[in-house]
Amino acid sequence: MSENGTGAHRHPTMADVAAHLGVSRQLVSLVLGDRPGPSARTRERVLRAAEELGYRADTAARLLRRARSRQVGVLFGLEYPMDAHLVEELYPAAAELGYGVVLSAMASTRSEREAIDELVGLRCEALILIGLSAEAPADLARVAERVPVVEIGQRTGAEGTDSVGTDDAAGVGQAVGHLVELGHRDIVHVDGGGLPGAGGRARGYAEAMRGYGLGGRVEVLPGDYSEEAGARAARVLLAREALPTAVVAANDLCAFGLLATLVRAGVSVPGDVSVVGYDDSRTARLSFLQLTSVRQDAARMARLAVRSASERLDGGRTESRHLLLEPALTVRGSTAPPR
C-alpha cells in the first residue's frame, strides 16, 4: 500500500482501482456497488483488481451479496467421468436448497483463475471446485475472502475453504483386502500421479499390503486417471516373464485401459489377472466390463458441498469444515481367485 504525507498507510480507493485498470471511477463504482451496466467480463476485471490492490475485499463481497443471485458456480474438468457425475448430482442438490448452478469447464485455452474470475463476475455467491486446483493455496484463500469456496475430491489446505472428499486410502485398502481374501499375494498398484486422491490411494495400497504381511511385494507403477495410463502399465507388465495375479488401478478409466490391453494380448481377466478400479463409474458397470470398483458416493458429496456453501451464505458459518466420506467396494466379474 502507498503512504500519505503523515506516514500512515492509506487504504486503496475506487480511484486507485480505476487508475490501475485505466477505466472511469464511475465504472468501478457500478461494479463494486453491484449495479447494472457493466458486462460480466468487466465485473471480473474490476473485482480482480480490487482484490489485488487490497481494496476492502470484505466490503466488496458484502456489497455483492446484498442483492442475492442464489447461484453457485461450479468449476470442473472435462476428462474424467467422476467429474461429470458430480456435476449431474449438483443440480438437484442445489435446487433442494434454493440455488441454481452456473458451470465453467476447465480448458487448455484459459487458466483456472480466469474461469474462477468469470464465475465471480457472473455474480455466483459461492464456488465449488471439482478435482485438481492449480491455484496456490494462498491465491485460493484470497478467492475465499470474496466468496465461499468448497473443494470436492481434494484439499489444498487454502485458508478459509471447505472440502468434501472420500477416504481414498481406506477405499484402496478395501480393494487390497478383497483380493487378499480371494487368495492373491502378487498385487500391483497403478497410481494416479499427482491427481486428486492419487496420493491417498497409493498410500492406502502400501499400508494395506504391509498390514497383510505383503510389504515385500509392494509395487507401484506410474500412471494417471486415463485409459492410456492403464494401457502403458499393461504393456510394462506384459513385457515381464510373469504377470502379477492382480492389479488395483488408480481409477476406472485407468483400469479399463489396462484390462483392454491385457485382453487383446490374450490374457484372461479375471482368469489370469484380476483387476480393480476406483470410482464405480458408469464405465465400471458396462456389461462387457463388469469391473470391480471402489464406489464414491457422488450424490452425497454433491449434497454436502452445496450445504457447506449454504451454511456460510445463509447460516453465517465462518470456520472451515473438511468432510471425509467412507467408500464402499462393489464386487463384479473382474476379480476372482488366482489360478
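We number each residue from 1, following the sequence as shown.
Side chain of His85 to backbone of Tyr80: no donor-acceptor contact under 3.5 angstrom is found. A donor-acceptor pair is defined here as one N or O able to donate and one able to accept, closer than 3.5 Å; such a pair exists between the side chain of Ser308 and the backbone of Leu304. For the pair Ser334 (side chain) and Thr292 (backbone), a donor-acceptor distance under 3.5 Å is present. No side-chain donor-acceptor contact under 3.5 Å links Arg217 to the backbone of Met209. One N or O on the side chain of Ser69 and one on the backbone of Arg123 form a donor-acceptor pair closer than 3.5 Å. Proximity of a side-chain donor or acceptor of Glu89 to a complementary backbone N or O of Ala302 within less than 3.5 Å is not detected. Panel note: side chain Arg285, backbone Asp280; a donor-acceptor pair is recorded below 3.5 Å. Not one N or O on the side chain of Thr166 forms a donor-acceptor pair closer than 3.5 Å with the backbone of Leu325.
Looking only at side-chain heavy atoms (C-beta outward), Asp167 and Pro327 come within less than 4.5 Å of each other. Val72 places none of its side-chain heavy atoms less than 4.5 Å from the side chain of Val150. Looking at heavy atoms from C-beta onward, Pro337 lies in side-chain contact with Leu182 at the 4.5 angstrom threshold. With contacts defined as side-chain heavy-atom distances shorter than 4.5 Å, the pair Thr261/Leu238 qualifies. Using a 4.5 Å heavy-atom threshold, the side chains of Pro38 and Leu27 count as touching. Contact of the Ser104 side chain with the Leu75 side chain is registered, since non-hydrogen atoms from C-beta on lie closer than 4.5 Å. Using a 4.5 Å heavy-atom cutoff, the side chains of Arg185 and Leu214 are in contact. Residues Leu179 and Ser274 form a side-chain contact, since some pair of their non-hydrogen atoms from C-beta on lies under 4.5 Å apart.
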Kindly indicate, with the supporting measurements, whether the criterion side chain to side chain contact (heavy atoms under 4.5 Å, CB included) is fulfilled by His20 and Asp16.
CA-CA 6 Å; His20 179 73; Asp16 293 323; over 6 Å; no
Evaluate side chain to side chain contact (heavy atoms under 4.5 Å, CB included) for Leu47 paired with Leu32, printing each intermediate quantity in order.
CA-CA 7 Å; Leu47 288 171; Leu32 296 181; 3.9 Å; yes
Applying side chain to side chain contact (heavy atoms under 4.5 Å, CB included), run through Glu311 and Arg321 and close with a yes or a no.
CA-CA 10 Å; Glu311 286 172 356; Arg321 182 172 298 166; 2.7 Å; yes
Using the side chain to side chain contact (heavy atoms under 4.5 Å, CB included) rule, take Thr283 and Leu291 through it: C-alpha gap first, then chi angles, then the decisive distance, then the call.
CA-CA 8 Å; Thr283 300; Leu291 180 68; 6.0 Å; no
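The distance from atom CD1 of Ile116 to atom CG of Leu129, rounded to the nearest 0.5 Å, is 5.5 Å. Remark: Ile152 CD1 to Met82 CE distance equals 9.0 Å, nearest 0.5 Å. Distance check: Ile187 CD1 to Tyr212 OH gives 9.0 Å after rounding to the nearest 0.5 Å. Note that the CG atom of Leu53 and the CE atom of Met14 stand 13.0 Å from one another [nearest 0.5 Å]. If you take CD on Glu227 and CG on Leu259, they are separated by 11.0 Å, rounding to the nearest 0.5 Å. The CG atom of Leu289 lies 8.5 Å from the OG atom of Ser281; values are rounded to the nearest 0.5 Å.
Between Leu329 and Val276 the shortest heavy-atom distance is CD1-CG1, 4.3 Å. For Val190 against Gly223, the heavy-atom pair with the smallest separation is CG1-CA, 4.2 Å. Scanning both residues, Val248 and Val172, for their nearest heavy atoms gives CG1-CG1, 4.1 Å. Considering every non-hydrogen atom in both Ala170 and Glu326, the closest pair reads CB-OE1, 4.1 Å. Ala158 and Leu140 make their closest contact through CB-CB, 3.7 Å (heavy atoms, listed as atom of the first residue, atom of the second, distance). Counting all heavy atoms, side chain and backbone alike, Val17 lies closest to Val46 at CG1-O, 4.2 Å.
Residue pairs that meet the salt bridge (charged side-chain N to carboxylate O under 4.0 Å, His left out) test with at least one member in residues 239-253, sequence neighbours left out, are Glu219-Arg240.
The salt bridge (charged side-chain N to carboxylate O under 4.0 Å, His left out) search around Glu159 returns none, not counting sequence neighbours.
The 12-atom threshold is not exceeded at CD of Gln26, counting heavy atoms of other residues, nucleotides or ligands nearer than 6.0 Å. The 12-atom threshold is exceeded at CZ of Arg232, counting heavy atoms of other residues, nucleotides or ligands nearer than 6.0 Å. Other residues, nucleotides and ligands place no more than 12 heavy atoms under 6.0 Å from the CZ atom of Arg155.
Leu103 is connected to Val306 through a chain of hydrophobic side-chain contacts under 4.5 Å among Ile, Leu, Val, Met, Phe, Trp and Tyr, so both are in one cluster. Residues Val275 and Val180 fall into different hydrophobic clusters, defined by Ile, Leu, Val, Met, Phe, Trp and Tyr side chains chained together at heavy-atom separations under 4.5 Å. Residues Leu221 and Val269 share a hydrophobic cluster, clusters being chains of Ile/Leu/Val/Met/Phe/Trp/Tyr side chains in contact below 4.5 Å. Two different hydrophobic clusters hold Val247 and Val220 under the rule that ILVMFWY side chains link at heavy-atom gaps under 4.5 Å. Clustering ILVMFWY residues whenever any of their side-chain heavy atoms sit less than 4.5 angstrom apart, transitively, puts Val331 in a cluster other than the one holding Phe288.
Using a 4.0 Å cut-off between charged nitrogen and carboxylate oxygen, Asp162 and Arg307 do not count as a salt-bridge pair. Remark: Asp297 does not engage Arg303 in a salt bridge, criterion side-chain N to carboxylate O under 4.0 Å. Look at Arg201 and Asp191 and you find no salt bridge, because none of the NZ, NE, NH1 or NH2 atoms lies under 4.0 Å from a carboxylate O. Look at Glu207 and Arg210 and you find no salt bridge, because none of the NZ, NE, NH1 or NH2 atoms lies under 4.0 Å from a carboxylate O.
Between Tyr225 and Asp83, the side chains place no donor N or O within less than 3.5 Å of an acceptor N or O (distance only, hydrogens not considered).
The salt bridge (charged side-chain N to carboxylate O under 4.0 Å, His left out) test with Arg48 singles out one residue from Glu51, Glu44, Glu52, and that residue is Glu52. Looking at Glu151, His322, Gln154 one by one, the single match for side-chain hydrogen bond (donor to acceptor under 3.5 Å, both in side chains) with Ser163 turns out to be His322.
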